[in-house]
Amino acid sequence: MTPEQVKARLLAVCDAMLASEERLTRADQAIGDGDHGVGMARGFSAAREALSTKPANTVGDPFKTLGLAILMKAGGASGAVFGSFFTGMAKPLGGTVLDAAGFTEALKDGLAAVQARGGAKAGDKTMLDALIPAIAAAEGETDLQAAMSAAAAAAEAGAAATANMIATTGKAKTLGERSRGHMDPGAISLSIILAALATDG
Amino acid sequence: MTPEQVKARLLAVCDAMLASEERLTRADQAIGDGDHGVGMARGFSAAREALSTKPANTVGDPFKTLGLAILMKAGGASGAVFGSFFTGMAKPLGGTVLDAAGFTEALKDGLAAVQARGGAKAGDKTMLDALIPAIAAAEGETDLQAAMSAAAAAAEAGAAATANMIATTGKAKTLGERSRGHMDPGAISLSIILAALATDG
Amino acid sequence: MARVKKIINAIPDLVPEVLEGLVLASHGDLRKLDGADAVVRNHIPDGKVALLIGGGSGHEPMYTCYVGKGLADGSVAGNVFAAPTPDIVLDATRAVNRGKGVIFLYGNYAGDNMNFDIAAELAAAEDIAVETIRIADDVVTPERRERRGIGGAFYVVKCAGAICDETTSLAEAAELIRHAEASVRSIGVAVSAGSLPQTGMPTFVLGDDEIEIGMGAHGEPGVERRNLMSANALAEEMTRLVVADLPFRTGDEVALMLNNLGATTMMELLIVNRRVRQILADLGIRVHRSDIGPFFTSQEMAGFSLSLMKLDANLKRWLDAPVRSPAYRQ
Amino acid sequence: MARVKKIINAIPDLVPEVLEGLVLASHGDLRKLDGADAVVRNHIPDGKVALLIGGGSGHEPMYTCYVGKGLADGSVAGNVFAAPTPDIVLDATRAVNRGKGVIFLYGNYAGDNMNFDIAAELAAAEDIAVETIRIADDVVTPERRERRGIGGAFYVVKCAGAICDETTSLAEAAELIRHAEASVRSIGVAVSAGSLPQTGMPTFVLGDDEIEIGMGAHGEPGVERRNLMSANALAEEMTRLVVADLPFRTGDEVALMLNNLGATTMMELLIVNRRVRQILADLGIRVHRSDIGPFFTSQEMAGFSLSLMKLDANLKRWLDAPVRSPAYRQ
Ligand SMILES: Nc1ncnc2c1ncn2[C@@H]1O[C@H](COP(=O)(O)OP(=O)(O)O)[C@@H](O)[C@H]1O
Ligand SMILES: Nc1ncnc2c1ncn2[C@@H]1O[C@H](COP(=O)(O)OP(=O)(O)O)[C@@H](O)[C@H]1O
Ligand SMILES: [Mg+2]
Ligand SMILES: [Mg+2]
Ligand SMILES: [Mg+2]
Ligand SMILES: [Mg+2]
């Protein structure tokens, strides 16, 4: 993929996230404070605008542009988490071609950035529980499109599995045991993001 | 009636009022702030104690003792109103015999004291609407017991008639139009007081 | 309907325990009178005109928490929403009198008027001179004499405290306090009811979407029941009613109070403040100071009152004079 | 369930309108940054170590109303109960910096920590030195590092304001503020829920007779749900948990705060104060000052938090230093 192709996919990610605002609101109302949809909408609409205007010289540039906009505009815990995720992904992508290995590398750097930022770990009922299986699934693939599709499928399964977990981090901690039975809002967001990224539109 | 007989009747008034606390509470809850029963109980139990210990040299003395105790201990609007009523009644009763004329005179002075204190008039939905008809009824009688009984009957009818009035004074003003359909708590109190006073126990 | 949960002990101990807690929060400035629900300052200068305030409990910090240096010398507390009895007022009158007489300053309610008047007569019999000033700032009732005392009472108490510190004549102090009282206008709005701790029941009921503009501190009727409206629309209506009453005019300088009746948030009051200030600016009315917070509450009633005090050089000096009390320092 | 009625305008304007109302109430002391939900002082002395506080909105007067002389130099406001974004924190950091660097002081919550940290990194890239202090006074969580910031935050902000006025080194100021922060312990109790203005819905549900000791400012879990108990019993349990934590000992001198979470009455807090003071007296712990009122609210949540700060000569001086802010004068 070229920098322009990556940019096009990330614009589609923005559209997918904006279209999911209500679903994310409902998910956060169930176990958090109900602001995840609003925050993500704020972040991804700022990101959409930034992507449309900023140049993409490397395949990492669009990820960085997206990440910075979310970091700056989304607010809440998820603004920092998803912003750090995308700026983290940008780091290894200094070249002009995105391949399967680069994609997997980028996901790993995104994971590292999120963990450095927030200190959460697998099983805490966060977006990490969608991200970690996505990385594992991408790792086996040599074709970029196949890697993206595998990551998306694994993220969706991972997000579904968060319903059985108890929140231990962030505002959802509010509910403790009461959070069981509901999927984590941030994990849902990550699965929507990876699904849109994998869609050859 | 002698001063000692008056005192005995007023002790009976105290008992009757103390026994009516719940009824008065409910009446004030319906159209006021619900504290009339508590306030009257506070006042009449202090009055009971004062009556038992203070000497009664004139037929006015027990009225004055009762009135001062209520003035000092009942609180709220009704403490001032009923306290002034009884201390007002004491004024013309400097002698040692209570007769029908003296009783009627005392009720009139009680009325004057209440009006001087509170400025309410007939039809404002207060204890005055039981007191004013009571005075009119006593006025025709020459026998003390008959005057007392007539006053009591008229007060009861007057209190019943307050149900059709709209409160314009004091806390029951809170409800305005909403006060219609409920008897005035203070008018109920006055009818209880005059009934007990008229009871040859 | 479920009882409103209150953090209290036995009901008969309610008011005395509140006063004991207040005295402890005063760090030696105040004491409670023995056997009477009244608090007084420990150090009232000799020859000072004494200031006694009070009324029913349940509106804290008004009145009892406003005793201290630069404020009142004493306060008497009735039961919740009930006037105090004359014996307590008399006890407190004796305790605060320093030979120059005592100002009785309180809200204009039938029960309070009668009980304080009786105490004034009893005090007169003991040769203690008393001057009475009734606070009647609520613009809702047409006749000034019949108006209720609401949030603006804080401004009158604040000025009265300063006046009694600088004046040594009872009559002069009373005249100056009457001027302060006559300079304040207020209106309230109720959004949801507070409850009586004795019963745990709300003192009135508003519909799910209803508010009442002009409702009094105990649920007395206001101007009219209305549907919940925007903060801006509400600010406009309330400001209009208050400004028209004195009336306040272009060039006037005022103090502006937004008094939290209990459960309304500071966010809401600041949003209202924004619009009120825009309106006053449009009218050419300058705001010298703002007081936003709980000054005169009605248990956990939601809603607020808006007060304006028309200022002159004296009123400004009195409002801004330093004070120290458990509820208010400046 | 009926929506809780709030006096507001359009939801997207909520926070900016609150800040505009606040600026108007500051009478020239504060200004709002253009296009950012942050307020800063108009007159920050050159060479001063700057103090920036902030967090989610909805806890007013905390944080935004505590900007002013002797308090913070600026405050950033997120949406209700949501951390502010790094760009706003960065804007405010630039606006308050007077060349000596900026202290970030805020409550220890995941969202705030991450967003302030990002801003600190961005500030470092612009050569603005930043020191971060997270307030973690709530004794409920066993690990100090994971504790939440609740009512005691006011004492830390108050001391930090005084410290930044008398110290000219960023590192020294940070060290002194860390000492202040380490000296405060708090616990809350929730009696009924507050609601989010965005949704009008309560943020949690308690049974008709239930309270939760230790519940956090957004409804985070506490020690346990209990039946409503007497004020005395509640005061005993909460005081015990706070005293045992530092621990506070015989001979200690403390500041005592009873912070109204929103809809609790001053009567209730004074009744609690009475019992807390008795217990502290029994333990030989002296109370230097009392602060009773709404300092850190959670919308119209009913309940309160109890905080103790262990004092030394410095902390006393800093707590008692004069301040002027829209919500607090002393
Ligand atoms: N430390 C963390 N690491 C990873 N993800 C996190 C962390 N904290 C929160 N999240 C994610 O953020 C989501 C909540 O986002 P949002 O509701 O926007 O923020 P807030 O919790 O501040 O209201 C959670 O569902 C979770 O997936
Ligand atoms: N000005 C008045 N004149 C005569 N009676 C009055 C007056 N004001 C109040 N009352 C009587 O007092 C009663 C209310 O007493 P109570 O409930 O004890 O006092 P409050 O109104 O202070 O709560 C009313 O029912 C009325 O009969
Ligand atoms: Mg959320
Ligand atoms: Mg009553
Ligand atoms: Mg009453
Ligand atoms: Mg949030």
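In what follows, every heavy atom counts, from backbone to side chain, and hydrogens, waters and symmetry copies are set aside.
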Q: Heavy-atom count around B:Lys64 NZ within 6.0 Å, excluding the residue itself: above 12?
A: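 Atom NZ in B:Lys64 is not crowded, with 12 or fewer foreign heavy atoms closer than 6.0 Å.
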Q: I'd like to know which of B:Gly76, B:Gly119, B:Gly79 tops the heavy-atom pair count under 4.5 Å against chain C.
A: B:Gly76
Q: Side chain from CB out, backbone as N, CA, C, O: work out which of these in C:Ile118 comes under 4.5 Å of a heavy atom of chain B, or both, or neither.
A: both
Q: Would C:Asn79 and B:Asp35 satisfy side chain to side chain contact (heavy atoms under 4.5 Å, CB included), going step by step from the backbone distance to the final call?
A: CA-CA 9 Å; C:Asn79 288 308; B:Asp35 59 1; over 6 Å; no
Q: Taking all heavy atoms of B:Ala77 and all of C:Asn115, pick out the closest pair and write down the distance.
A: N-ND2, 4.5 Å
Q: Could you tell me whether C:Asn227 atom CG has more than 12 heavy atoms of other residues or ligands within 6.0 Å of it?
A: yes
Q: List for me each residue that meets ring-ring contact (aromatic ring centres under 6.0 Å, His included) alongside B:Phe63, sequence neighbours excluded, and say none if there are none.
A: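 B:Phe63 satisfies ring-ring contact (aromatic ring centres under 6.0 Å, His included) with no other residue.
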Q: For the pair C:Thr85 (side chain) and B:Met72 (backbone), establish whether a donor and an acceptor sit closer than 3.5 Å, ignoring hydrogens and angles.
A: yes
Q: Less than 4.5 Å to any heavy atom of chain B: does that hold for the side chain of C:Leu122, its backbone, both, or neither?
A: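 Only the side chain of C:Leu122 comes within 4.5 Å of chain B.
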Q: Kindly check if the number of other-residue, nucleotide or ligand heavy atoms within 6.0 Å of CD (B:Glu49) is above 12?
A: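 Atom CD in B:Glu49 is not crowded, with 12 or fewer foreign heavy atoms closer than 6.0 Å.
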Q: Taking atom CD of C:Glu224 as the centre, does the number of heavy atoms from other residues, nucleotides or ligands within less than 6.0 Å exceed 12?
A: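 Counting other residues, nucleotides and ligands, CD of C:Glu224 exceeds 12 neighbours.
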Q: Crowded around C:Glu17 CD? As in, over 12 foreign heavy atoms under 6.0 Å?
A: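 For C:Glu17, atom CD is crowded (more than 12 foreign heavy atoms under 6.0 Å).
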Q: What's the shortest heavy-atom distance between B:Leu71 and C:Pro86, and which atoms?
A: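 Minimum heavy-atom separation between B:Leu71 and C:Pro86: O-CD, 2.8 Å.
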Q: Got a second to check how far B:Gln29's CD is from C:Gln198's CD, nearest 0.5 Å?
A: 10.0 Å
Q: To check you understand the geometry: which heavy-atom pair defines the closest contact between C:Met114 and B:Gly118, and what is its length?
A: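 Looking at all heavy atoms of both residues, the shortest contact is SD-CA, 3.8 Å.
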